[in-house]
Amino acid sequence: ARTRPGAQDLAGLRVTVSAGGTREYLDPVRFLGNRSSGRQGIALARAAADRGAEVELVAANVDASLLPEGVQVTAVETTAQLDEAMHRSAERAHVLVMAAAVADFRPATTNETKTKKRGDGAVAPIELVQNPDILASLVQQKASGQVVVGFAAETGDAEGSVLEHGRAKARRKGADLLAVNAVGTDRGFGDVPNAVHLLDAGGTDVAQGSGSKDDVATVVWDAVVRLLTQRDP
Ligand code: CTP
Ligand code: CA
């Protein structure tokens, strides 16, 4: 379904969207992963194509049946592969969107062969190391005029509300736009309604939306268009 038939306001732009969730391998058959389906990134990619952009979707472990038509798909599995693909795209993309759920940690070592149980029943701990922050490095290496968009799923806790955490993250990451979702027991996972606040790099609200992942995509692309128009009216 085309969200805005006829609105070709992204024509002439090359955009790259990451989607899905990265996997970090313990051995050839086992990984640490997350539950991201990739639907938000796919909705963003599809909406951008519908609005006239040339779209690359960097898809981390996304079910093939969900992949949209009319976009170039680069399949990745690990955070290192996603990092590589995004930085390669950054050389020519006007807009970069990090909608993927990136594993924060990976096993310090990956066994080349399948890990066997030990005869004595002893269990080895898994040592983890932190992954690079792809969004932060895309922001750091941003070309002049390029727009970088991040996503953040937050829960409120004793330290602060969803939006307080979101504002702190927006300032920390420095992305032109950070889309902050409230996640809880019934929001943000799977195909359920979503509410989103778009924050600028200073943590200020620039737009809000609620509804489906398609609605979120519309809010994000509208804000990107406003940003590009402000910069280059
Ligand atoms: N992200 C990234 N590289 C990472 C981790 C996250 O590029 N290693 C991106 C995500 O794709 C998303 C944004 O950063 O666009 C925010 O992700 P999130 O997990 O909310 O932020 P973190 O910095 O990992 O903070 P937290 O400790 O809350 O998980
Ligand atoms: Ca994280």
Side-chain angles (χ1 to χ4, degrees), residues 15-25 31-45 48 56-62 74 76-90 93 95-108 128-142 146-184 187-189 194-201 203 206 213 216-217 219-221 223-224:
V15 317
T16 300
V17 179
S18 69
T22 57
R23 291 177 179 174
E24 305 299 342
Y25 282 89
F31 57 82
L32 303 176
N34 64 69
R35 291 173 54 201
S36 177
S37 66
R39 284 189 166 84
Q40 182 62 71
I42 287 163
L44 284 154
E56 179 183 3
L57 178 67
V58 179
N61 307 296
V62 173
T74 301
V76 298
E77 289 190 87
T78 66
T79 300
Q81 291 167 353
L82 177 60
D83 193 21
E84 214 268 322
M86 291 307 295
H87 279 95
R88 186 158 27 80
S89 293
V95 186
L96 299 160
V97 183
M98 282 297 299
V102 183
D104 290 330
F105 308 103
R106 67 177 186 278
L128 299 175
V129 294
Q130 196 162 315
N131 269 326
D133 189 324
I134 302 171
L135 178 64
S137 70
L138 291 172
V139 168
Q140 248 166 37
Q141 295 169 27
K142 198 169 73 169
Q146 206 169 39
V147 175
V148 179
V149 183
F151 269 75
E154 297 289 341
T155 56
D157 59 23
E159 247 80 279
S161 67
V162 167
L163 266 181
E164 285 163 349
H165 284 301
R167 288 190 219 292
K169 187 167 286 181
R171 290 190 281 261
R172 203 159 59 233
K173 298 272 183 179
D176 297 290
L177 296 167
L178 186 75
V180 177
N181 273 303
V183 294
R187 296 171 89 184
F189 282 106
N194 233 330
V196 74
H197 286 254
L198 275 191
L199 308 179
D200 67 15
V206 295
K213 291 182 166 39
V216 171
V219 169
V220 167
W221 291 123
V224 167

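Atoms within a ligand are numbered from 1 in the order they appear, just like the ligands themselves. Basis for what follows: all heavy atoms, side chains included, without hydrogens, waters or symmetry-related copies.
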- One should read off an interatomic distance between T78 OG1 and R23 CZ, to the nearest 0.5 angstrom, of 11.0 Å
- Message: Among all the protein's non-hydrogen atoms, which is closest to atom 3 (N) of ligand 1, and how far away is it?
- Response: I134 N, 3.0 Å
- Message: Let me confirm one number: the CG-CG distance from D83 to N131, rounded to the nearest 0.5 Å.
- Response: 8.5 Å
- Item | Q146/D176 under side-chain hydrogen bond (donor to acceptor under 3.5 Å, both in side chains): CA gap, chis, key distance, verdict | CA-CA 9 Å; Q146 206 169 39; D176 297 290; over 6 Å; no
- Compare A100, A60, G150, G166 and give the one whose heavy atom is closest to atom 10 (C) of ligand 1. A100
- Item | Identity and distance of the protein heavy atom lying nearest atom 1 (N) of ligand 1 | V102 CG2, 3.9 Å
- Message: Could you measure the distance from the CG atom of N34 to the OG1 atom of T22? Nearest 0.5 Å is fine.
- Response: 6.0 Å
- Task: Just need the protein heavy atom nearest to atom 29 (O) of ligand 1, so name the residue and atom and give the distance.
- Result: D104 OD2, 3.2 Å
- Query: Please state which protein non-hydrogen atom is closest to atom 14 (O) of ligand 1 and give its distance, to 0.1 Å?
  - Reply: K173 NZ, 3.2 Å
- Protein residue, atom and distance nearest to atom 15 (O) of ligand 1, heavy-atom basis: M98 O, 2.7 Å
- Task: Look at atom 13 (C) of ligand 1 and say which protein heavy atom is nearest, naming residue and atom and giving the distance to 0.1 Å.
- Result: F151 O, 3.0 Å
- Message: Could you measure the distance from the CG atom of L177 to the CG atom of L199? Nearest 0.5 Å is fine.
- Response: 9.0 Å
- Rounding to 0.5 Å, atoms OG (S37) and NZ (K213) come to a distance of 6.5 Å
- Shortest protein heavy-atom distance from atom 9 (C) of ligand 1, along with the residue and atom involved: L135 CB, 3.8 Å
- Query: Does K169 reach ligand 1 with a nitrogen or oxygen that is under 3.5 Å from one of the ligand's nitrogen or oxygen atoms?
  - Reply: yes
- Query: At a 4.0 Å threshold, what atoms of ligand 1 neighbour a non-hydrogen atom of P132?
  - Reply: 3 (N), 4 (C), 8 (N)
- When rounded to the nearest 0.5 angstrom, what is the spacing between CD in E164 and CG in D157? 9.5 Å
